Amino acid sequence: MIRKKVDNVQEALEGIQSGMTLMLGGFGLCGIPENAISELVRLGVEDLTCISNNAGVDDFGLGLLLQKHQVKKMISSYVGENDEFERQMLSGELDVELTPQGTLAEKCRAAQAGFPAFFTPAGYGTEVAEGKEIREFNGKMYVLEEAFAADFSFVKAWKGDEAGNLIFKGTARNFNPCMCGAAKITVAEVEELVPAGQLDPNEIHIPGIFVQRIFQGTNYEKRIEQRTVRERL
Amino acid sequence: MIRKKVDNVQEALEGIQSGMTLMLGGFGLCGIPENAISELVRLGVEDLTCISNNAGVDDFGLGLLLQKHQVKKMISSYVGENDEFERQMLSGELDVELTPQGTLAEKCRAAQAGFPAFFTPAGYGTEVAEGKEIREFNGKMYVLEEAFAADFSFVKAWKGDEAGNLIFKGTARNFNPCMCGAAKITVAEVEELVPAGQLDPNEIHIPGIFVQRIFQGTNYEKRIEQRTVRERL
Amino acid sequence: MLDKNGIAKRIAKEVKDGYYVNLGIGIPTLVANFVRDDISVEFQSENGVLGMGPFPFAGEEDADIINAGKQTITTLPGASFFDSATSFGMIRGKHVDLTILGAMEVAENGDIANWKIPGKMVKGMGGAMDLVASAENIIVAMMHTNRAGASKLLKQCSLPLTGVGCVKKVVTNLAVLEVTGEGFELVERAPGVSVAQIEEVTEGTLVINGEIPEMEL
Amino acid sequence: MLDKNGIAKRIAKEVKDGYYVNLGIGIPTLVANFVRDDISVEFQSENGVLGMGPFPFAGEEDADIINAGKQTITTLPGASFFDSATSFGMIRGKHVDLTILGAMEVAENGDIANWKIPGKMVKGMGGAMDLVASAENIIVAMMHTNRAGASKLLKQCSLPLTGVGCVKKVVTNLAVLEVTGEGFELVERAPGVSVAQIEEVTEGTLVINGEIPEMEL
């Protein structure tokens, strides 16, 4: 077993520098690497390029990094629900590359799995396809998209073991598995870290080979963005 | 819940015809759809094109279809351990398209996930790349490979539910998940079929949307190709 | 004239037995409330769940189980969770049978715009570009006019596109229209709405063949 | 001169702490038996397992748990199972640190042939083409000559290629050689084997710099 456990978030983020490109898992505030984001804020690294489906909300998640102007560029699919993000983008303070959500996921997976490029129908005929190669296959038009290249990938899992194996919970899975092994260094934070051998090899979502560092996270807030309930009849 | 359960292998193979292209899961004899293969032999359909990593052994697995000359063409990565396969191939009775194993898996996954083509480094500079587009990305050469197109996909899982959700066991997983939803109709046979709701939504390897028909298989032989043991000290 | 729930109710009639359905944010989300309960349907949300159920009862919300609108949800028997790449594999691979989404503009050739107003507002495309480029059966749910009263059914979209030639049907507060080679073919009128009222607020070519029935809800 | 186990034993010295290693069929499989037990290594098998352990005891074989050579295996704590697409994602994505495989021929520029003898024998490439096209650290384990006594270390491969310019190191029953721009650089001799003996059965350019040490096993 190759041991991936590190003692805390400080150790997990060793080597992080201003100007780097980071991947961050999560959809909205669901499944985001809360501990890593806090530490990025504390470290004050700047000029970051962040690949993340959303950018949190004004006062939580990646919104915390935006507030402190640590982010130079966001690569995301959706901006809604974050006024500061929209303001910085419209004012030109922040460079934003909007990417269709499925393309965003696959550009991560391509980096993970060693594919330099793939053809997808998403965005054909729109400004997303401008400057990109277009090709017809079986009568349908496709856009050539390239794999991402990133320095660090920060993901959040439910359970993990010391070998770096990960299991996610519910829809907190989302982009997290696609980002594992998609950057030079993948850092996983988990709600419960167990010794190797305690997770069923058949139930592992992401094998430890895709993870370089794993640590037990603390103080998860897991804020709900749109609490929606139904009436009891 | 959309019900995918059918009563038996006969019902599961309804619509199968000579001349069709089939995907069959399994690696060697591990995780092969034994019931579907038996039924294909019984039905006597001919001129089949079979996409499968291997072709079984002489008297089991896809070897049974080869023996009866039901196969016109095999698309596989490895022929070893099957004398009849090698004989038919070298004599020209059988058309064989040898494909690198990772490319084979990804051509299935591309069909499942709606990608018409992808670039892979496998086979560059070899006869596998002949006639295919070659392109350089970041100083490395890649071959453009296209998604498979198949009529039926036959897979074998460990557990499944009536909604078509699948869980595989050990290395019997192999190509099976990649082939689900990669053909017009996916037929899954399982060792244990349970009502919807009995599998944990978090532990499902293949969501039911990729499966059109599921049935409880019978009489699994699960033959071991290379029984290898160590001495008790 | 229909309200948002009315539009959702009419669209629910398009949902057939055995369909996997992806519902966009807004009016489309309401469609789930009106699907007949004698048919089998599964709802997919692109953030990674199939087999979505109703919203949870108060106190039973789970922050780890949400839909693409970031709302807390529940799951039904037969549900499954998966990652984003697999989710869009379902969508791109045409395994989802029906996609229902909102729009700012629809053109008579089936083009759709719903993610950006240059210089003013950018929400982002989210999963919409993947959905409209992949799905074969796309229904747009929207009001017939924008807040300024201008038609949203146009000869050509003026806003940046989300997808080209992909919309098959539009259900608004006033009408049901099919996108054909000739333009928007008027199929049904909303209760109490006249053909003339619809013509007045449809900037794109409106095709009217014979008597147009009022919709049944 | 080494036997197959000797070749495996020498190659085991190339396996470093923290390596994920893919072992091909034949001699490479034996390497696992000789890796130092004070380092942490995980073995990957491309049919879908990471963290392979030793063969099972008789009576404990599981038909559902095999390696790429179709042999029954066991797993160690920290193991995981996955599908073929994910498995080759590990390989193609360069997550596997070392690949050890057999060959019929190796050329002095690093080309390798190991899957086909036209008209005579076709085993298929299995996962070898993906492995050699992706891995940055590839060691070939083979006998120095074929059954007819002809050299397998050539100026150019005569058989259909598996991959081009990819082999970094070759360990045979006679020697350890590194593939450099100049040819096969002789690095070590097998016990009791002279440089002259190696020269005699090496058809490709053999580079000899200074004294060549005997290998330590």
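Given the structure is predicted, the values throughout are model-derived calculations rather than measurements.
Counting heavy atoms from C-beta outward, B:M23 and B:F148 have side chains that approach closer than 4.5 Å. Residues D:V187 and D:L177 form no side-chain contact, since every pair of their non-hydrogen atoms from C-beta on lies 4.5 Å or further apart. Put simply, the side chain of D:M129 does not reach to within 4.5 Å of the side chain of B:Y124, judged on heavy atoms.
Both the backbone and the side chain of B:L98 come within contact range of chain D, each with at least one heavy atom under 4.5 Å from a heavy atom of that chain. Only the backbone of D:N67 comes within less than 4.5 Å of a heavy atom of chain B; no side-chain atom from C-beta onward does. Looking at D:T162, only its backbone comes within 4.5 Å of chain B, counting heavy atoms on both sides. D:E46 touches chain B through backbone and side chain together, each having a heavy atom under 4.5 Å away. At a 4.5 Å heavy-atom cutoff, the contact between B:V128 and chain D is made by side-chain atoms alone. Both the backbone and the side chain of D:S134 come within contact range of chain B, with heavy atoms under 4.5 Å apart. Of the atoms belonging to B:E97, not a single heavy atom falls under 4.5 Å from chain D. Contacts of B:N176 with chain D are absent, with no heavy-atom separation under 4.5 Å from either backbone or side chain. Interface remark: D:K120 contributes backbone atoms only to the contact with chain B (heavy atom separation under 4.5 Å). Neither the backbone nor the side chain of D:A113 has a heavy atom closer than 4.5 Å to any heavy atom of chain B.
The aromatic rings of B:F137 and B:F119 stand perpendicular to each other, their planes meeting at an angle above 60°, with 30° marking the opposite boundary.
In this structure, B:T21 OG1 and B:K72 NZ are separated by 7.0 Å, a value rounded to the nearest 0.5 Å. Annotation: the span from B:D59 atom CG to B:Q67 atom CD amounts to 6.5 Å, rounded to 0.5 Å.
Among B:I224, B:V79, B:T171, the residue making the largest number of heavy-atom pairs under 4.5 Å with chain D is B:T171. The residue among D:G127, D:S45, D:S87, D:G48 with the most heavy atom pairs within less than 4.5 Å of chain B is D:G127. By number of non-hydrogen pairs under 4.5 angstrom with chain D, the leading residue of B:W158, B:F27, B:Y142, B:F168 is B:F27. Between chain B and the residues D:D64, D:N47, D:V122, the largest count of heavy-atom pairs under 4.5 Å involves D:D64. Interface summary for chain B: among D:T86, D:D83, D:L131, the most heavy-atom pairs under 4.5 angstrom belong to D:D83. Chosen from D:A133, D:G124, D:G126, the residue pairing most often with chain B at heavy-atom distances under 4.5 Å is D:G126. When each of D:I66, D:D62, D:T74, D:I91 is scored by its heavy-atom pairs under 4.5 Å with chain B, the top score falls to D:I66. Between chain D and the options B:R109, B:E106, B:M89, the largest number of non-hydrogen pairs under 4.5 Å is found for B:M89.
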Under the salt bridge (charged side-chain N to carboxylate O under 4.0 Å, His left out) criterion, do D:E178 and D:K168 qualify, and how do the steps go?
CA-CA 6 Å; D:E178 279 176 11; D:K168 298 286 180 291; over 6 Å; no
Quick one: do D:E14 and D:K169 satisfy salt bridge (charged side-chain N to carboxylate O under 4.0 Å, His left out)? Show the steps, please.
CA-CA 10 Å; D:E14 306 288 323; D:K169 192 174 275 192; 2.8 Å; yes
side-chain contact (heavy atoms from CB on, under 4.5 Å), that's the test. Do B:N165 and B:E203 meet it? Break it down for me.
CA-CA 10 Å; B:N165 293 305; B:E203 293 178 2; over 6 Å; no
Starting from the C-alpha separation in whole Å, work towards a yes-or-no answer on salt bridge (charged side-chain N to carboxylate O under 4.0 Å, His left out) for D:R10 and D:E216.
CA-CA 8 Å; D:R10 174 59 190 84; D:E216 286 171 38; over 6 Å; no
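Cation-pi contact between B:R230 and D:F55: absent, since separation from the ring centre below 6.0 Å together with deviation from the ring axis within 45° is not met.
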